[in-house]
Each structure stands twice: as C-alpha cells, then as structure tokens.
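Lettering follows sequence order; numbering is per chain, from 1.
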Amino acid sequence: MNRYTKKQPVLDRIVLNSIQKQAVSCDIWPQLVFAGAGSGKTRVLTAKIAYLIEHLRVPPINIFAATFTNKAAGEMRERVESLTGLPCGALWIGTFHSMCARLLRREAPHIGYPANFTIYDRDDQISLVKRILKEEGLDERSMPPRGVLQSISRFKNACTPFESIEGGGDNYYDRQVIHLYGIYQKMLKRSAAMDFDDLIANAVYLLRGNADILKRYQNRFQYVLVDEYQDTNNAQFLLVKLLGAAHKRVFVVGDDDQSIYGWRGAQVENILSFESLFEGTRVFKLEQNYRSTQPILDFAHSVISVNTNRADKQLWTDTHNGAEVAVTRYRDDRQEATGIAERVAQLAANGMRLGEVAVLFRTNAQSRVLEEALRRAKLPYVVVGATSFYQRKEIKDCLAYLRLLINPRDDVSCARVLNVPTRGIGAKSQASLFEAAAKRNVAVLELIEEQDGTLTGGKAAKGVEQFREIMLLLRDLVEQQTPPDEILKQILDLTGYTSALEAEDTVEAQNRLDNIGELVNALTLWAQDNPEGTLADFLEEVSLVSDVDKWERRETSVNLMTLHCAKGLEFGVVFLAGLEDGLLPSRQNFDDERSIEEERRLLYVGATRARKELCCSFVDQRYRFGRLIPMEPSRYLDDIPRERYRFDDRCVTFSAPPAAVSSAPKAKKPRMVAREEDHTQETSYDDFSQEIVQYRMGHHVSHKSYGRGKILSVSGFGKDTQLTVLFSDGSRRKLMAKFLEPEVW
DNA sequence: TTGTTTATTCTTTTT
DNA sequence: GAATAAACAA
C-alpha cells in the first residue's frame with residue numbers, strides 16, 4: 001500500500017520456493033504448472049497475477065483468470081490488490097461460467113439472444129425436457145430426462161451445435177436424443193434462456209464465428225490464466241485455445257491426480273496433453289507439500305500411484321514426524337458416526353478448534369447419521385452443500401416470479417408459477433396454453449398478455465386473467481425502479497403466496513415462511529452492498545454461486561461435506577467416512593475403469609485435505625434405501641500397504657464372519673464369492689454382492705426376434721433376472737434375461 | 001381440478 | 001426413507 005512496500009518487488013514480498021519463483025517469473029509462454037495437493041498452488045497463481053501487473057506493467061483489464069469457484073476468485077482479487085497496492089476491479093477473474101455469462105450479455109445480439117437471458121439450472125433443464133417429452137409423446141421411461149440431458153450436454157461440451165450434427169444416429173435412442181436436442185435448443189432460444197453448458201458453448205460459437213469479435217477479445221485478454229485446469233471440459237479448453245491463439249500467453253495450473261469432475265465432462269487429458277497441444281510449453285512441477293505430515297502423504301501416495309493415466313510425480317515434505325493414519329472398522333453406519341463424534345469430542349477436549357475438523361463422505365445421504373451423532377454429542381457442526389438454500393421449493397418459486405419479470409419469455413419459470421399458489425389452472429389448461437403458444441411461436445406469458453384470456457375454457461380463464469393482472473402490476477413496479485426487495489414483497493403480497501402459507505398453519509409452512517423471510521433479507525442486504533446492481537444482476541449471481549462459495553469456516557463448528565466439496569480446502573483433522581465398495585467407488589461405476597480411477601482420485605483428494613491427522617473408516621453394514629445392507633471395505637484400501645496405517649477393529653458383533661473379525665481389511669474373505677449359507681434369509685445379499693454383472697443399465701443386448709436393444713432396467717438376479725429393454729424399433733419389453741444375448745465389446 | 005392415498009424408484013458427485 | 005409419480009376420491 002505505502003511507498004515502502006512498493007519499492008520491494010513482488011517476488012520478495014511473497015514467500016516462494018525456487019520452482020514457484022521460476023513459474024511466477026517465467027516470461028516464455030505458454031506455461032503449465034503441475035501443482036500437487038498442498039504445494040502452494042493458489043500462492044503461485046496469485047503471485048503470477050501480481051507479477052504481471054506490477055513487474056510487467058500489464059493493466060489488470062488485460063488479464064483473464066478462470067478459477068473453480070467464485071469465492072476463490074474474490075479472495076484472489078483481494079490478495080492481488082493488497083500485494084500490488086493497485087485497484088484490480090477491471091481484472092476479469094471468476095468461474096468460466098460467470099465470465100462467459102458476462103461476455104455473452106455484452107455480445108448477446110451476435111448469437112441471437114437478448115441481453116436479459118435467463119440461466120437455467122438443472123431443475124429447470126429437467127422440467128423443460130419433461131415437458132418436451134410429453135409434447136412429443138415420448139415415454140419418460142424409455143427416454144429418462146437425466147440421460148437425455150447428459151447426452152445433450154455431451155454435444156455442447158464438444159461444441160457441436162444441433163445444426164452441424166451429421167447423420168441421424170445409429171439407433172432409436174440416439175435418433176431421439178438428436179431430435180430432442182434440436183427441440184430443446186429451440187425452446188431455450190424461444191425462452192431466451194441458456195443452460196450452464198450453453199454459457200461456455202455459446203461463448204465458443206460467438207468467438208469461432210465472428211473473426212472481428214474474436215480479435216477484439218484476443219486483444220483485450222493479453223494473458224489467459226486457468227486454475228484447476230484438470231477439471232476443465234472440452235468447451236472450456238476450446239475457449240482457452242481461442243483466446244490464447246494469437247499471443248500464446250496461456251498459463252494453466254492444475255493436478256491431474258485431483259481431477260474429479262469427469263462425470264461433468266471434464267477431461268484429465270486437457271492437462272496431460274497440454275504440452276503437446278500448446279507448442280513450446282514450459283512445464284513446472286510443484287512437488288513440495290506444505291500441508292500434510294509424511295504419514296499422510298505416504299498413505300495418499302499409495303492410493304494414487306495405482307492409477308495408470310497420470311503424470312509421474314510424488315509429493316514430499318520437510319516435516320518428518322506425524323501421527324499414523326488410522327483406519328477403523330465399525331459394525332454399522334450408526335456406530336461409525338458415534339465413533340467419529342467421540343473422537344471429535346476428544347479432540348475438542350484437547351483444545352482443538354472444531355473449525356479445524358472435517359468429516360468427508362461420498363454422498364450427501366451419509367450426512368444424516370453423522371449429524372445425529374454430532375447432535376447427540378452436543379458438538380456444533382455445519383453441513384456444506386446438501387440442499388442449498390436456493391434449491392428450496394419456496395425460494396425457487398420466488399425466484400421464478402422475479403425471473404419472469406426480467407425475462408417474460410422464460411417459459412420454465414412461467415410454468416412453475418402459473419398456478420402457484422393455485423388459481424385453478426390445472427394440467428390440462430396449462431398444456432393447452434403451451435400448445436397455443438408453441439403454435440404461434442411465442443412465449444406463454446406473451447400469449448397470456450396479448451390474448452385477454454379468451455384462450456382457455458371457463459374455469460381456468462379466471463385464473464389466467466388473475467395471473468395476467470398480477471404480472472402487469474409487477475411489471476409496472478419494475479419499470480418504476482422499485483427496489484428489488486420491495487418487488488419481492490409485492491410478489492408475495494399480490495399473489496397471495498404468503499397468505500396461502502399462513503392459512504396452512506403447519507410447522508412445514510412456517511418453515512417456508514421463515515425461508516422466504518430470509519430471502520427478503522438477503523435481497524435487502526444485497527441491494528445495500530450493490531447500490532448500482534439491478535434485479536437481473538442479483539438473479540445472475542444467485543444462479544452461479546456454488547455451495548462452497550457461501551461457506552465460511554466457523555471457528556467452532558465441525559465441517560461436514562462431500563469429497564467433491566472439499567476440493568481446495570484443508571483441515572487439521574480429517575475423517576473419511578464410509579470407505580466401502582459401492583460407496584467409494586460408487587456401485588454405479590464398477591464396470592468402468594476410467595471412473596474407478598476417478599473415484600480413487602476422490603479418495604486421494606480427501607486424504608490430502610488433512611494437515612495433521614487422518615482417520616478413515618468403513619463399516620460392515622449400512623442403512624441404505626431404508627434397509628440394512630452388508631458392505632465390504634473399499635477396494636482402494638487393498639492397495640495400501642498394511643504398514644501405512646494403524647488398523648483399529650471396533651466391530652464387536654458376533655455375527656461377523658470369523659475370518660474377518662481379527663484381521664485387517666486386506667485379509668478378508670475373497671471377493672466375488674456369495675455366502676451360500678445365507679440364502680434363506682439374506683436374499684438381498686446377491687443383489688448387492690459384486691458377482692460378475694452380465695446385464696447393466698445402458699448396455700446393449702440382442703434378441704432373436706426383436707433384434708438389438710438397450711437395457712433400461714434390471715430386476716431380480718441369477719436365473720430369474722428380468723430386463724426391461726428398449727428395442728431399436730422403439731418398443732419396450734420386459735423379458736427374462738436368459739432369452740437375451742449380451743452384446744460383447 | 002384439487003388434494004388425498006399408494007407405488008415406485010432412487011442417490012453419486014455440481015458449475 | 002424420502003421424494004416423486006401414478007391412482008383415486010371429492
């Protein structure tokens with residue numbers, strides 16, 4: 001800030017080791033930094049930006065820096081400002097999604113969109129696809145919305161617009177998906193809406209299709225920096241390539257061992273092949289770890305080194321001593337939770353701040369037992385993520401009204417609130433409204449506003465008219481520059497939303513009212529913090545924040561979160577709960593080697609979050625789907641040499657198989673063998689054991705008279721396995737598996 | 001058309 | 001066990 005600090009160059013004001021220093025001060029481009037867990041990645045990235053600004057005199061406005069969360073972006077901007085003493089408001093730093101949204105709002109007309117487009121989240125996408133399926137007369141069971149969206153997402157990640165798809169697809173499913181992709185995009189455009197994938201893909205289309213615009217942005221973004229590069233997808237890669245094509249000043253940081261978003265389209269290959277794709281790349285490897293103890297690093301290394309598709313490297317640390325990693329076996333998930341809570345209480349008694357403790361797990365469903373145990377032990381905790389505030393029904397209803405005011409063409413929001421609270425516009429009337437709108441190629445709200453409600457039959461017409469009047473009234477308020485929180489209050493009042501909930505008079509309804517109150521507060525606060533901000537800005541922010549963005553470490557609360565959420569964070573003590581096959585790795589990924597490797601990385605990420613103490617656990621049986629299910633230790637534990645951890649058997653059950661009682665997980669009974677003596681009672685055992693699975697959802701089979709088809713669901717097991725199959729002629733049949741031949745790849 | 005019941009599926013992970 | 005969808009009564 002003052003002249004004193006200014007005199008010293010950045011490199012002397014921030015502590016860096018020699019490799020870090022080299023990476024920061026290197027001026028030969030492009031650059032790739034492999035930054036292992038805890039190796040000071042954020043520090044390097046921050047220093048790099050500060051170095052560009054201060055040492056190379058690059059104006060902040062010429063830098064484009066993509067981070068994985070908005071929170072990280074905000075913190076980094078602040079640190080750069082305090083390092084350089086210069087205001088960096090003009091620096092473009094944020095998630096790919098938020099920066100693309102920003103770019104697209106400016107250039108919207110070039111891709112046929114208005115600047116006030118709405119951003120659809122997953123729920124919005126699903127309700128849109130469901131409506132399309134209905135209108136197209138397709139069965140949700142043969143074309144599951146999630147699957148359809150997954151396929152559509154793949155097209156977008158590949159930056160393949162509907163128009164340039166060649167060929168109509170090989171089979172019934174693919175043909176339908178392509179067909180639906182076209183309709184889906186048409187609907188989005190008519191609704192002036194984009195989904196998350198569109199934000200990136202449309203940015204690519206924009207730059208790819210307009211040479212002058214591309215040039216302008218290449219010129220503007222003289223330096224392109226990307227954090228967590230291992231988690232970028234193909235579209236993001238194309239964007240980076242486009243922006244950096246002219247000047248080549250691209251700097252990416254990442255760790256292939258921490259790539260855990262493959263299911264979302266991320267490609268580890270992006271980082272693994274960066275060197276060959278960007279000619280003349282300088283590579284830096286940060287392998288010194290400043291976070292964890294040696295035992296933790298050894299443990300983590302034995303996990304990750306089994307993976308084949310990775311760049312060779314190994315973390316090391318200066319600190320040699322440290323507590324052994326613990327692996328504990330519990331009888332069931334309840335006992336596991338209690339055991340963890342006990343240990344946490346112990347730590348707290350020894351003066352450990354609870355904010356330094358995290359319990360990590362694979363699925364959100366696991367958090368409930370843990371929460372109960374912590375509550376019983378009177379230990380304060382926070383759950384990061386889970387059902388986020390903005391996902392709740394009542395909140396989404398409010399937001400839908402707000403979005404509809406900003407963008408009257410937003411059909412998904414319109415469908416959501418048209419009959420909320422109930423105005424007598426049932427499914428049938430809604431369908432006919434949508435049909436009429438589609439026929440004239442206008443949005444539903446537009447239709448309602450111009451048509452005076454004569455469209456639908458008697459009863460619903462009154463409700464439609466009511467809705468129309470409310471919307472017109474609210475529109476006036478927006479035009480009169482009414483403060484955002486006031487608009488929300490008016491919505492709740494005019495629509496009768498509040499009074500409907502009050503009338504219910506249940507605890508549930510009261511809860512919702514409280515949540516709505518919280519939303520009003522949030523909006524008021526936001527308006528105070530952003531005096532220039534419009535309602536549209538607020539809505540954009542809301543749709544692009546993540547759960548970790550809102551998380552703030554509280555000194556006195558234990559942190560509960562999924563392994564995915566924990567990426568980039570660190571804690572003094574980390575518990576990894578539920579290290580069992582079927583959970584980690586997830587049962588659904590058993591047959592895919594790539595996913596098995598990704599889940600292994602998930603374990604690696606979890607383990608490397610710990611600074612001082614790492615406690616892993618698995619259970620013999622666990623409640624899932626309301627049933628007690630036998631579990632096996634995670635296969636990943638098999639790869640860890642026995643001397644890398646202390647094994648603690650807290651299993652005091654008599655029913656446990658004798659061989660397993662006193663031994664480490666390594667020595668347990670062989671896999672893939674079902675217990676014969678169990679047939680009488682535990683029929684479900686077979687269902688969950690890992691016998692070789694011949695038939696899986698999504699795989700293809702053939703039948704001698706119906707031909708080739710895709711498995712939609714599997715029921716029963718052994719000889720009685722039945723399959724529901726979608727055949728290429730479009731028919732869906734439930735058949736005995738023995739009549740079907742699995743397709744071999 | 002709305003609000004009840006029952007049946008079914010389901011859970012990965014999220015910008 | 002929960003959330004959603006289909007099925008049914010009013």
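Following rounding to the nearest Å, A:Gln150 (CD) and B:dT13 (P) show an atom-to-atom distance of 14 Å. Atom OH in A:Tyr261 sits roughly 6 Å away from atom C1' in B:dT14 (whole-Å rounding). In this entry the distance linking CG of A:Leu563 with C1' of B:dT14 reads 14 Å, nearest Å. If you take CG of A:Asp592 and P of B:dT13, they are 18 Å apart, rounded to a whole angstrom. Regarding A:Ile200, its CD1 atom lies at a distance of 8 Å from the C1' atom of B:dT15, rounded to whole Å. Per the geometry, OH belonging to A:Tyr623 stands 19 Å off C1' belonging to B:dC10, to the nearest Å.
In this view, A:Glu136 and A:His179 satisfy the side chain to side chain donor-acceptor pair (under 3.5 Å) rule, not counting sequence neighbours. The side chain to side chain donor-acceptor pair (under 3.5 Å) search around A:Trp526 returns A:Glu541, not counting sequence neighbours. Here A:Phe196 pairs with A:His97 under the ring pair (Phe, Tyr, Trp, His ring centres under 6.0 Å) rule; sequence neighbours left out. A:Tyr261 is linked by a ring pair (Phe, Tyr, Trp, His ring centres under 6.0 Å) to A:Phe68, A:Trp263, A:His564, counting only residues two or more places apart in sequence or in another chain. Residues forming a side chain to side chain donor-acceptor pair (under 3.5 Å) with A:Asp227 (at least two apart in sequence, or on another chain): A:Lys41. Here A:Phe575 pairs with nothing under the ring pair (Phe, Tyr, Trp, His ring centres under 6.0 Å) rule; sequence neighbours left out. A search for side-chain contact (heavy atoms from CB on, under 4.5 Å) contacts involving A:Ala365 returns A:Thr363, not counting sequence neighbours. Listed by chain and residue number, A:Tyr120, A:Ala193, A:Asp411 satisfy the side-chain contact (heavy atoms from CB on, under 4.5 Å) test with A:Ser191 (two or more places apart in sequence, or in another chain).
Proximity note for A:Lys428 (side chain, C-beta onward) versus B:dT1, B:dT13, B:dT11: the nearest is B:dT1. For A:His97, whose side chain is taken as the heavy atoms from C-beta onward, the closest listed nucleotide among B:dT14, B:dT11, B:dT15 is B:dT15. Among the nucleotides B:dT13, B:dT15, B:dT1, the one closest to any side-chain atom of A:Thr95 is B:dT15.
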Item to complete: Report, as a single string ordered 5' to 3', how protein heavy atoms within less than 4.0 Å touch nucleotides 2-9 of chain B: B base, S sugar-phosphate only, - not at all.
Response: SS-----S

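For residues 127-157 of chain A, the pairs satisfying ring pair (Phe, Tyr, Trp, His ring centres under 6.0 Å) are A:Phe155-A:Tyr181, with sequence neighbours left out.
Comparing A:Lys130 and A:Arg368, the nucleotide of DNA chain C nearest to each residue sits closer to the 5' end for A:Arg368.
Distance check on atom P: B:dT11 versus C:dA6 gives 16 Å, rounded to whole Å.
No donor-acceptor contact under 3.5 angstrom links the side chains of A:Gln236 and A:Lys241, judged on distance only.
Paired runs in DNA chain B that reach 3 or more consecutive Watson-Crick or G-U pairs, where each pair keeps both distances under 3.5 Å, cover B:1-10 with C:1-10.
Nucleotides of DNA chain C lying under 4.0 Å from heavy atoms of chain A occupy a range whose first and last members, 5' to 3', are C:dG1 to C:dA5.
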